[in-house]
Engineer: 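My questions all concern the structure below.
Treat the numbers as computed from the prediction; the structure is a model and nothing was measured. Counting convention: from 1, in listed order, for ligands and their atoms alike.
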Amino acid sequence: MSAPRKPLATRERLSEVRYEIRGELARRARELEAQGRKLIKLNIGNPGAFGFRAPEHLQRAIADDMGRTDPYTHQQGLPVAREAIAAYYARRGIADAHPDRVFVGNGVSELIDLSLRALLNPGDEVLLPSPDYPLWSAATILNDGRPVYYSCDADNDFLPDPVQIEARVSSRTRAIVLINPNNPTGANYPRELIERIVAIAAKHKLLLLVDEIYDQVLYDGAKFEPVAPLAGDVPCLTFSGLSKVHRACGWRVGWALLSGAKEIVSEFQHAMDLLGALRLCANVPGQYAIEAAVNGPDTITALCTPGGRLYETRRAVIEACEASEHLELVAPAGALYAFPAVVGAAAKGFDDHDFALDLMENEGVLVVPGSSFNVPYRHHFRVTLLPEAAAMRDVFARIDRALARRAEAAGKVVPLKAKAKSAA
Ligand SMILES: Cc1ncc(COP(=O)(O)O)c(C=O)c1O
């Protein structure tokens, strides 16, 4: 008789990692779909899945150069693409933007992992927003670091509090992560706030890791403030790419630009280059679209202003939340998501995961529970703003129905929300 078979052990710290956006609920969604159920899936900010296409001039740029895409490129990326990225950031006011300090990756995702691998020693701490985009927490943990969260609460318009950030700095802190405009909340950080956070990084000798992948997805006149020009000599790694602003997630093109005083960043720059070399290079065809993207016409603003698809869907979400007894929303100023809170009687004993499952099984809508974004509360959920406005109105009718059932089950008359709806 052979010995009983033991399951293959995996990395222990994986038990600390979650990515619910594509997790258990998404798996259950696929099961339901296999059974013939039609679901409206709002869990992933994937423009192509909602009928968006990458701009034509980007598609053409890849097609024109397809014959040149067979070889590996330099580990940091195609020189012409890095030059275009550096010039783009120089125009934005980053004085030391240089192609040698640009790293092109298979999406921002790969570069987040790579940069934390380059930075962290076991036990080092990274200051992360709560809520966060959960890859930041996962990559910190899997690179032997420890996430330390600073809160971005709804009652402060989801903005961080610099006093709290500084209070969380310890002798092990290595970096502050900023996600601006923010996923999942849609917050857009004002200049004065960024300046205060930069000052904390300077004082405590921390690296700023700045995820600006939604930098041009802005609503209602919101003004985006890039961090690096304000950081100057303070070391800063700015991330962006083609996935969102240019609606080309599937091409897997992201980049990071390192800025800051040479004597401070050169060892880190070398580490990024080395780790980039170990994975040879990023997907090559997509890199040929970079120059066209950063030098080409603006194709996102029209979508984010009145009459534009994202703007109108966002408006539908805001109106639906205002009309609902059960929902409260800080209107997103940027990015592709809304992060409403459940309030009133429906919120009694509310569990966001439970609700997301119930909503999918009974109303055919898939959302992401708020707790997937590393928050200590369980009364929020996230939807992407990518469907058409009419589809979104239907979604929120379903959400409201599910919440009304909960309110009724809570056995109470639905109290009016704190916000002054009665005044409307
Ligand atoms: C804040 C944030 N950062 C990074 C990513 C990953 O982007 P990429 O497609 O470039 O890997 C996402 C994707 O949704 C995101 O929301």
Engineer: To the nearest 0.1 Å, how far is atom 15 (C) of ligand 1 from its closest protein heavy atom, and which atom is that?
Structural biologist: Y214 OH, 3.6 Å
Engineer: Considering only protein heavy atoms, which is closest to atom 5 (C) of ligand 1, and at what distance to one decimal place?
Structural biologist: Y133 CE2, 3.6 Å
Engineer: To the nearest 0.5 Å, tell me how far T313 OG1 sits from E388 CD.
Structural biologist: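 Rounded to the nearest 0.5 Å, the OG1-CD separation comes out at 7.0 Å.
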Engineer: Which option, N183, V253, D211, owns the non-hydrogen atom nearest atom 2 (C) of ligand 1?
Structural biologist: D211
Engineer: Is it the side chain, the backbone, both or neither of K244 that has a heavy atom closer than 4.0 Å to ligand 1?
Structural biologist: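 Near ligand 1, K244 shows its side chain, while the N, CA, C and O stay back.
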Engineer: Pick, from I179, I44, L135, I213, the option with the minimum heavy-atom distance to atom 7 (O) of ligand 1.
Structural biologist: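 Looking at heavy atoms only, I213 sits closest to atom 7 (O) of ligand 1.
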Engineer: What's the spacing between D351 CG and S371 OG if we round to 0.5 Å?
Structural biologist: 7.0 Å
Engineer: Mark up the atoms of ligand 1 that fall under 4.0 Å of a heavy atom belonging to R252, in ascending order.
Structural biologist: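 Those qualifying, in numeric order: 8 (P), 9 (O), 11 (O).
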Engineer: Is the distance from the ring center of Y337 to that of Y214 below 6.0 Å?
Structural biologist: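 Yes: the rings meet the under 6.0 Å criterion.
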Engineer: Nearest to atom 10 (O) of ligand 1, what protein heavy atom do you find, and at what distance?
Structural biologist: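 That would be V108 N, 2.7 Å.
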Engineer: Report the part of S109 in contact with ligand 1, treating N, CA, C, O as backbone and CB onward as side chain, heavy atoms under 4.0 Å; options are side chain, backbone, both, neither.
Structural biologist: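 For S109, the contact with ligand 1 is made by both the backbone and the side chain.
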Engineer: I need the L128 CG to L209 CG distance, nearest 0.5 Å.
Structural biologist: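 Rounded to the nearest 0.5 Å, the CG-CG separation comes out at 9.0 Å.
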Engineer: Please work out whether the ring planes of F396 and F381 are parallel, tilted or perpendicular, with thresholds of 30° and 60°.
Structural biologist: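 Plane angle between 30° and 60°, so tilted.
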Engineer: Could you tell me how the ring of F355 sits relative to the ring of F350: parallel (under 30°), tilted (30 to 60°) or perpendicular (over 60°)?
Structural biologist: tilted
Engineer: Heavy-atom distances under 4.0 Å decide this one: backbone, side chain, both or neither, for F239 against ligand 1?
Structural biologist: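 No part of F239 comes within reach of ligand 1.
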Engineer: Which heavy atom of the protein is the closest neighbour of atom 9 (O) of ligand 1, given with residue, atom name and distance?
Structural biologist: S243 OG, 2.6 Å
Engineer: Please step through side chain to side chain donor-acceptor pair (under 3.5 Å) for the pair Y311 and D220, ending with a clear verdict.
Structural biologist: CA-CA 9 Å; Y311 183 90; D220 283 345; 3.1 Å; yes
